[in-house]
Structure formats: structure tokens, C-alpha cells
Amino acid sequence: MLRQEYLSEKGKIIENRMRELIEAPHCSYKGIFESAAYSLFSGGKRLRPILVLAVTEALGGNPEDALDAACALEMIHTSSLIHDDMPCMDNDDFRRGKPTLHRAFPEWQALLTGDFFLTFAFECITACPRLTAEQKVALVQVIAEKSGANGMIGGQLLDLSGGITTVEQLEELHHLKTGALLEATIEAGAIVAKASSQELTILRSFAKDIGLAFQIIDDVLDVTASDAKHGKSSDSANEKLTYVAFLGVEGSKKCAEDLVQRALRAIRPLGEKAVQLTEIAHFIVDRSF
Ligand code: GRG
């Protein structure tokens with residue numbers, strides 16, 4: 001299947017399932033539904049959940065088994081974007097071309113919506129009937145770890161504390177803030193498909209490289225894409241140090257391409273079944289939004 005077709009077909013499956021999950025009769029968070037739907041269905045690329053499904057497929061697993069874990073990862077990502085945009089952090093007015101959640105709703109509701117996604121994500125995993133108890137524990141463990149102080153939260157702490165002066169420090173920051181959750185998505189697919197330890201090693205190496213490449217391209221798009229396409233306030237407006245400041249636009253693109261090429265070499269042993277994973281890796285550097 002062509003790349004765009006695959007991305008949009010999987011994106012739709014994920015959106016439908018997320019809607020079912022937050023609208024389910026047993027879900028008693030009705031007071032927060034409007035703000036949750038505003039941020040969850042506002043045009044995200046769905047890269048993280050699509051990666052979960054693609055990894056499961058690449059290992060010969062059933063993507064339907066991975067669907068709720070995939071949705072959970074998109075919810076954690078959404079939670080992090082909501083909190084990142086808030087006045088006490090990046091203080092952004094726009095996300096995906098729309099007012100940020102705390103601009104569209106009261107600030108307290110935005111904070112609670114972010115909290116809701118962070119907790120509800122874990123409920124979606126533990127309640128999923130298609131996963132074994134062992135798989136649920138492994139998923140909760142890896143997602144909590146990669147979102148936590150040694151992952152995304154740690155990266156955000158580094159970012160907000162300032163003091164980044166070298167490209168090595170920036171790489172560490174990007175690895176934690178952005179790469180760690182992408183690593184969790186790859187590991188989630190591997191857990192669902194019951195990957196061997198050899199497959200896990202291959203996929204971890206792939207995840208690390210595409211995670212950094214993804215953030216480097218995000219830095220590039222921050223200066224090259226139109227506001228309409230990128231849909232958010234730029235990091236340069238927030239005076240954040242980015243890859244472009246160290247390597248320039250072309251140097252940053254080259255660095256991201258090299259990382260993706262290395263990622264693709266790593267997954268070669270997975271063979272034909274990894275075709276969509278390969279396409280997603282290309283998308284990470286080719287994308288314009
Ligand atoms: C909620 C566990 C938790 C932590 C909060 C606020 C925070 C700690 C971390 C911020 C993390 C963050 C916003 C990293 C940026 C990652 C990034 C490049 C986001 C953009 O991803 P895309 O392009 O977004 O996939 P779309 O809009 O397509 O979903």
C-alpha cells in the first residue's frame with residue numbers, strides 16, 4: 001500500500017477507536033469530554049500510534065491487538081502537548097493552526113484535560129481485552145518509564161531549565177523530550193507482537209535514530225514551514241536553541257537523513273514485512289508538516 005494511503009487508513013482506524021474509548025458508557029469523565037475531544041481530534045499526524053501498528057505488523061503480529069496501546073500513546077502525546085503549551089511552560093497561543101486548549105477553554109480545564117489523558121491512557125491499556133496480563137504490565141512499565149523523569153518529563157525539565165550550549169547537550173535533550181516516547185511506541189508494538197530479544201535490539205536501535213531525526217526535522221520545519229502548515233508558534237520566537245542554530249538548515253536535514261539511513265540499515269533483517277516501517281522512516285525526513 002502506498003505511504004499516504006497507509007498513513008490515512010491507519011489514522012482513521014486510530015481516530016475511530018479513540019472516539020469509542022472516550023465516549024464509552026463506562027467512561028465517567030463526561031465533564032471533560034468537550035475539551036478532550038477538542039485536543040484529541042484537531043489534526044495530529046498520529047505518528048506514534050501508527051508506528052505501534054506498523055511495528056506489530058512488521059513482526060507478524062495482529063495490529064488489532066495493538067490498537068488500544070496505540071491510542072494510549074497518542075493520548076500521552078496529547079497530554080504532553082497540552083501541558084507544554086500552557087502559560088507556565090511554552091505559553092503558546094496556537095497548536096495545529098487552532099487556539100491552544102488553554103486559550104479555547106479555561107486554563108484549569110486544560111490542565112485537567114492533560115491530566116485526564118495521562119491517566120486514561122493507562123486505563124485503556126489495562127482494560128484492553130486483547131492483551132495478556134504480562135503484556136499489560138510490560139506496556140505500562142515501558143510507557144511510564146519513557147514518559148517519566150528519565151524520558152519526556154526529564155527532557156522537558158532540561159529544556160525549561162535552560163543552559164544548553166553544545167550540540168551534544170541538545171541531542172540529549174531531544175533524545176529525552178521527543179525520542180523517548182517514540183522509543184516507547186516501538187517497544188509497545190514489540191510487546192504486542194511478542195518480539196524476540198534479537199528483534200527488540202534491532203528495533204531499539206531503529207527507534208533511537210528515527211526519534212532524533214524526527215526532532216531535528218521538527219527544528220527545521222520551525223524555521224522553514226509556513227505557520228499555516230506547521231500550525232504552532234516557533235521555537236525561535238521562544239528563543240530556544242535548536243539543531244538549526246548549530247548545523248544550519250541543510251546541515252540539519254543531512255544529519256536527519258543520515259540517521260534515517262542508519263535506522264533503515266538496522267531493520268533490514270526484518271525483511272519485506274517492515275515495508276511500512278521503512279515508509280514511515282522516510283516520511284519522518286520528507287514531511288512538510
Ligand atoms: C504528560 C508525561 C507528560 C509529560 C509532560 C510538557 C511535557 C511534560 C513534555 C513536553 C514534550 C513535548 C511537547 C515534546 C515535543 C515533541 C514534539 C516534536 C511534538 C510534535 O509532534 P508531532 O509533530 O505532533 O507528531 P502532531 O501535531 O502531529 O501530533
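Start at 1 and go down the list; that is how both ligands and their atoms are numbered. Numbering starts at 1 and runs along the sequence shown.
Within the 4.0 Å heavy-atom cutoff, F214 counts among the residues contacting ligand 1. Contact between R46 and ligand 1 is absent, with no heavy atom of the residue lying under 4.0 Å from the ligand. The shortest separation from a heavy atom of L47 to ligand 1 is not under 4.0 Å, leaving the residue out of contact.
Close approach of ligand 1 to R96 is summarised as follows: ligand atoms under 4.0 Å from at least one heavy atom of the residue are 26 (P), 27 (O), 29 (O). Close approach of ligand 1 to S147 is summarised as follows: ligand atoms under 4.0 Å from at least one heavy atom of the residue are 2 (C). Distances below 4.0 Å separate heavy atoms of Q215 from the following atoms of ligand 1: 18 (C).
If you look at R95 next to ligand 1, there are no close heavy atoms at all, none under 4.0 Å. Contact annotation for Q156 and ligand 1: only side-chain heavy atoms (C-beta onward) come within less than 4.0 Å of the ligand.
By the criterion of side-chain heavy atoms lying less than 4.5 angstrom apart, applied directly or through intervening Ile, Leu, Val, Met, Phe, Trp or Tyr residues, M86 is not grouped with L81; the two fall into different hydrophobic clusters.
The distance from atom CD of Q109 to atom OH of Y38, rounded to the nearest 0.5 Å, is 12.0 Å. Separation of atoms CG (D90) and CG (D85) is listed at 7.0 Å; rounding is to 0.5 Å. Remark: D68 CG to E20 CD distance equals 9.0 Å, nearest 0.5 Å. One finds the CG atom of L21 at 5.0 Å from the CE atom of M75 (value rounded to the nearest 0.5 Å).
Evaluated by nearest non-hydrogen atom to atom 17 (C) of ligand 1, the leading choice among K45, R48, M75 is R48. Of the listed options M89, M152, K146, E74, M152 places a heavy atom closest to atom 3 (C) of ligand 1. For atom 6 (C) of ligand 1, the nearest non-hydrogen atom from the set A149, S80, S39 belongs to S80.
Residues passing the side-chain hydrogen bond (donor to acceptor under 3.5 Å, both in side chains) test with Q261: none are found, sequence neighbours excluded. Partners of T165 according to the side-chain hydrogen bond (donor to acceptor under 3.5 Å, both in side chains) rule, which considers only residues two or more places apart in sequence or in another chain, are Q169.
With a 4.5 Å cut-off on side-chain heavy atoms, I76 and F122 count as touching.
Close N/O approach between H77 and ligand 1 is found [any backbone or side-chain N/O within under 3.5 Å].
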